[in-house]
Undergrad: 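Quick one: structure below, then a few questions.
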Amino acid sequence: MDRCLEDEDIEVFNAIGSEKVRQNAHIELIASENFVSRAVMEAVGSVLTNKYAEGYPGRRYYGGCENVDVVEQLAIDRARRLFGAEHVNVQPHSGSQANFAVYASVLKPGDKILTLSLQNGGHLTHGHPKNISGMLYKAIHYDVNGETGYIDYDLMEQIAKTERPKLLTIGASAYPRAIDFELVAKIAHENGAMVFADIAHIAGLVATGLHQSPVPYCEFVTTTTHKTLRGPRGGMIMCKKEYASTIDSSLFPGTQGGPLMHVIAGKAVCFLEAQKPEFKEYQKQILKNSAALAKKMAANGYHVVSGGTDNHLMLIDLRYTHGDMTGNDAQNLLESANITANKNTVPRETRSPSKASGVRFGTPAVTTRGMGESEMLQIADLIDSVLRNANDREVMNFAKKTAEEICNRFPLPY
Ligand code: DSN
């Protein structure tokens with residue numbers, strides 16, 4: 001029982017070792033991924049994984065919770081301070097769990113929700129027909145403007161007026177522009193809807209004041225903690241205090257059992273780190289890197305959706321430059337040159353989500369490694385040479401070697 005991982009399970013040990021090598025040797029451009037600090041990693045790999053703690057600090061269904069109570073309360077207090085939230089629940093295992101707990105707290109099956117669809121940059125949990133949010137509730141969608149790529153707030157208002165949804169959801173996983181949460185809340189409230197902002201992607205930008213915060217305007221705000229926020233993989237809910245007990249009981253016992261206390265410890269550490277001045281500098285660099293990458297991609301002839309980016313990510317619509325290449329083809333080609341990204345649907349998509357016509361690039365992870373604008377220019381040129389020379393083995397080998405060289409200059413700390 002007390003053997004180390006290598007002795008106990010060589011297969012898992014080796015897979016973890018290979019993953020370490022992969023993470024070190026690849027340029028990570030998946031917009032929703034990041035590398036946690038050593039302190040977060042330590043907290044998540046701690047003895048707290050052994051503890052059951054159903055309930056909330058001071059109100060548990062198990063004995064021996066005095067230490068995990070400290071940890072969870074720290075996480076709650078730090079998150080409240082960081083985002084200026086009236087109430088925080090740090091127990092959601094993921095963003096999807098957080099989102100479902102919000103829906104279940106105030107909606108009945110059949111209630112109407114107005115959201116941005118997954119295809120146009122939203123998220124699976126924002127009413128996709130194959131997700132529980134789309135099965136239980138009647139999801140209707142506003143959209144991004146097909147020409148500009150910006151959210152069409154006029155359309156949102158028009159639909160809110162005619163359809164009178166109970167909840168309006170704002171937030172995205174593939175939207176490169178700043179969101180006007182104040183305007184969205186106004187549209188929702190004037191039309192009898194509550195408003196729910198999902199800031200999973202931009203939480204780090206919001207926490208540091210670089211993007212507008214939805215917290216003052218929205219009844220509910222959810223986030224994951226592992227994207228721009230750079231914490232452990234998990235979720236969180238913020239809400240106005242009148243919804244505090246409804247949200248808490250919707251999460252536990254409503255939709256989850258025991259919390260993952262080791263992950264909550266990692267969240268607490270992440271919220272502490274996010275209050276430091278260097279975290280704001282880090283977020284600023286994410287934005288600079290994103291702008292530099294998008295600008296160079298455009299200069300290299302690519303169609304950057306909406307003409308650029310205000311945040312950590314961008315979408316490239318390949319149909320303008322590589323008519324026959326799907327997003328999936330591009331993802332695979334880049335992967336073979338040690339550049340990790342993901343295929344993505346784009347506005348006015350013409351292909352299925354499994355093929356897609358675009359790729360999404362994000363800069364949180366490369367910025368964590370210490371890369372700056374000059375590396376972004378180099379990476380944009382690498383991407384270009386890979387996508388233009390798919391069948392040229394020599395170019396592909398050179399691109400892979402260059403990607404490895406860039407990575408070697410910015411090693412991960414673990
Ligand atoms: N699937 C995540 C993303 O990559 O954006 C969101 O949950």
Side-chain angles (χ1 to χ4, degrees), residues 23 26-36 92-103 115-134 139 144 149 151 169-179 196-206 211 220-237 255 263 267 270 286 290 293 305-306 309-316 327-328 330-332 334-335 339-347 349 352-368:
Q23 289 188 10
H26 283 68
I27 295 173
E28 181 54 71
L29 293 179
I30 293 180
S32 49
E33 291 192 12
N34 211 331
F35 302 109
V36 297
H93 301 330
S94 67
S96 300
Q97 294 278 158
N99 291 357
F100 188 59
V102 169
Y103 294 134
T115 80
L116 183 64
S117 68
L118 176 65
Q119 168 142 331
N120 288 318
H123 190 253
L124 191 66
T125 58
H126 298 179
H128 190 278
K130 292 203 161 126
N131 182 264
I132 190 83
S133 58
V144 293
I151 288 175
T169 300
I170 178 78
S173 46
Y175 182 65
R177 292 301 180 177
I179 294 174
F196 161 29
D198 177 344
I199 59 166
H201 267 264
I202 57 167
L205 301 170
V206 169
H211 271 216
F220 310 101
V221 178
T222 63
T223 185
T224 51
T225 46
H226 51 274
K227 298 186 175 97
T228 49
L229 206 47
R230 212 190 150 211
R233 194 157 290 280
M236 175 167 87
I237 306 172
T255 51
V263 180
K267 291 175 188 172
C270 145
I286 291 177
S290 185
L293 185 59
V305 172
S306 84
T309 174
D310 298 326
N311 61 21
H312 62 300
L313 67 80
M314 70 216 62
L315 273 178
I316 308 295
N328 193 47
Q331 176 186 317
N332 292 337
L334 291 169
E335 185 66 31
I339 298 170
T340 315
N342 66 281
K343 59 181 168 247
N344 218 102
T345 52
V346 285
E349 181 57 75
S352 73
S354 63
K355 292 200 166 55
S357 298
V359 266
R360 184 183 67 162
F361 298 132
T363 54
V366 285
T367 308
T368 296

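Positions are given from 1, in the same order as the sequence printed here. First listed ligand is number 1; within each ligand, the first listed atom is number 1.
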Undergrad: Around atom CZ of R177, are there more than 12 heavy atoms of other residues, nucleotides or ligands at under 6.0 Å?
TA: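 For R177, atom CZ is crowded (more than 12 foreign heavy atoms under 6.0 Å).
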Undergrad: Which of the atoms in ligand 1, numbered in the order shown and given with their element, are less than 4.0 Å from a heavy-atom of S32?
TA: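 Going through ligand 1 atom by atom, the ones under 4.0 Å from S32 are 3 (C), 4 (O), 5 (O).
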Undergrad: Hey, mind stepping through D198 and H123 against side-chain hydrogen bond (donor to acceptor under 3.5 Å, both in side chains) and telling me if it holds?
TA: CA-CA 9 Å; D198 177 344; H123 190 253; 4.8 Å; no
Undergrad: Show which atoms of ligand 1 fall inside a sub-4.0 Å distance from at least one heavy-atom site of S173.
TA: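 In order of number, 5 (O).
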Undergrad: Begin with the C-alpha distance, continue with both residues' side-chain angles, and end with the deciding distance and a verdict on side chain to side chain contact (heavy atoms under 4.5 Å, CB included) for Y103 and T169.
TA: CA-CA 10 Å; Y103 294 134; T169 300; 3.9 Å; yes
Undergrad: Taking all heavy atoms of S173 and all of G122, pick out the closest pair and write down the distance.
TA: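 So the two residues come closest at OG-O, 2.5 Å.
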Undergrad: Can you figure out which of R360, H226, H123 has its heavy atom closest to atom 7 (O) of ligand 1?
TA: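 Going through R360, H226, H123 one by one, H123 has the nearest heavy atom to atom 7 (O) of ligand 1.
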Undergrad: Pick, from E33, H201, K227, the option with the minimum heavy-atom distance to atom 5 (O) of ligand 1.
TA: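 That would be H201.
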